[in-house]
2 protein chains.
Amino acid sequence: MTSDVPKPGQPVRGSKTGKPIMALFDLLGRSWALGILWQLSEGALTFRALQDRCEQLSPSVLNRRLKELSASGLVCRGDEGYELTAMGQDLFSLLQPFGGWSEQWAEALGAPDGGD
Amino acid sequence: MTSDVPKPGQPVRGSKTGKPIMALFDLLGRSWALGILWQLSEGALTFRALQDRCEQLSPSVLNRRLKELSASGLVCRGDEGYELTAMGQDLFSLLQPFGGWSEQWAEALGAPDGGD
DNA sequence: ATTATCGCTACCTAATTAGTAGCAACTCTC
DNA sequence: GAGAGTTGCTACTAATTAGGTAGCGATAAT
């Protein structure tokens, strides 16, 4: 294992080609990675605040995800705690539409609304 | 087992609230889920063809993902094999921009281009 | 009948995630 | 400046998921 942070241009978990899109999918396809970006989109959060927002996500996993996301240039530490980098915000702007979509999806599946 | 397919409105892996967005992130945040949607966006593929596109992904994992994605209404079986449902295509349209973004990201990280 | 492909299950090992405890550093109060 | 509280994090273990391989039953062509 060269590195366990998926980087474009390198083989990643499940992908030997290193195609950027596959590296990105690997990075985002890890538990809570998308959730963390989602939570940070509203502003900086301390480690423990982030843990609370992510339903008491264990510190070991949170720390791993934060290291990966930092190494990938999506998250960094500021005065207020962890926050999205410019690139992270840019990625979030692509992610944002998923919020509304997921609600349509919920209705289509006939699932009760979980609230916000 | 109630169900290990994350459905909006129900608690999912790591999320007890069942918020649609969290259920969606759980579903998509499993290995190869995003990759499978990506591959199917170009048209229907048989089980084994899909396996090839996903770099010989093991049948056990592929089958698990396909069941989850089917149960979530994103994928179904047609004459030609597995394909995206209308809802799956709709989701893909949100996913598509990630392709271009990942290439910018690759450059920003100074990674060599993985081709394609 | 034989061979080949296809979709998939069974089984096992490796890796990842989840959960809990607690420490070192820092701040605040007194 | 001792004690209490908070923060960021590491260490360790248990549970869950992913990955890999073998191969079966079904269908189709030879």
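Every chain is numbered from 1 and lettered A, B, ... according to where its sequence line falls, protein lines coming before strand lines. Quantities reported herein were computed from a predicted structural model and do not represent experimental measurements.
Of the side-chain N and O atoms in Arg30(B), none sit less than 4.0 angstrom from OP1 or OP2 of dA18(D). Contact between the side-chain N/O atoms of Arg64(A) and the OP1/OP2 oxygens of dT16(C) is not found at any separation under 4.0 Å.
The shortest distance between side-chain heavy atoms of Phe47(B) and Pro59(B) falls below 4.5 Å. Using a 4.5 Å heavy-atom cutoff, the side chains of Glu83(A) and Leu40(A) are not in contact. Looking at heavy atoms from C-beta onward, Leu74(B) lies in side-chain contact with Leu91(B) at the 4.5 angstrom threshold.
A straight line from CG of Leu57(A) to P of dG19(C) spans 9 Å, rounded to a whole angstrom. Nucleotide dT17(D) holds its C1' atom 15 Å from the CG atom of Leu27(B), rounded to whole Å. Counting to the nearest Å, the P atom of dT16(C) and the CH2 atom of Trp32(B) are 15 Å from each other. Summarising the geometry, the separation between CD on Glu68(B) and P on dC8(C) is reported as 14 Å, rounded to the nearest angstrom. Rounded to an integer number of Å, the gap from CG of Leu62(B) to C1' of dT21(D) is 15 Å. Note: CG (Leu50(B)) to P (dT5(C)) measures 19 Å, nearest angstrom. Atom pair Arg65(B):CZ and dA18(D):C1' shows a separation of 8 Å (rounding to whole Å applied). Distance, Asp26(B) CG to dT16(D) P: 14 Å, rounded to whole Å.
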Listed pairs, N/O of protein and of nucleotides 24-29 of chain C, under 3.5 Å:
none

For nucleotides 4-10 of chain D, list the nitrogen or oxygen atoms of the protein found under 3.5 Å from its nitrogen or oxygen atoms, one pair per line.
from, atom 1, to, atom 2, distance (Å)
dG8(D), OP1, Phe47(A), N, 3.4
dG8(D), OP2, Phe47(A), N, 3.0
dG8(D), OP2, Arg48(A), N, 2.9
dG8(D), O3', Arg77(A), NH1, 3.4
dG8(D), N7, Arg48(A), NH1, 2.3
dG8(D), O6, Arg48(A), NH1, 3.2
dC9(D), OP1, Arg77(A), NH1, 3.0
dC9(D), OP1, Tyr82(A), OH, 3.1
dC9(D), OP2, Tyr82(A), OH, 2.3
dT10(D), OP2, Asn63(A), ND2, 2.3

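Using a distance-only test at 3.5 Å, with no hydrogens or angles considered, no donor-acceptor pair links the side chain of Arg30(B) to the main chain of Gly29(A). For the pair Thr85(B) (side chain) and Gly73(B) (backbone), a donor-acceptor distance under 3.5 Å is present.
The two atoms that bring Trp32(A) and Leu57(A) nearest to each other are CD1-CD1, 3.4 Å, heavy atoms only. Of all non-hydrogen atoms in Ser102(A) and Leu24(B), the two that sit nearest each other are CB-CD2, 3.9 Å.
No more than 12 heavy atoms of other residues, nucleotides or ligands shown are found within 6.0 angstrom of CD on Glu80(B).
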Which is it for Phe98(A) and Trp38(A) under the ring pair (Phe, Tyr, Trp, His ring centres under 6.0 Å) test, yes or no, and what are the steps along the way?
CA-CA 10 Å; Phe98(A) 284 70; Trp38(A) 194 261; 8.3 Å; no
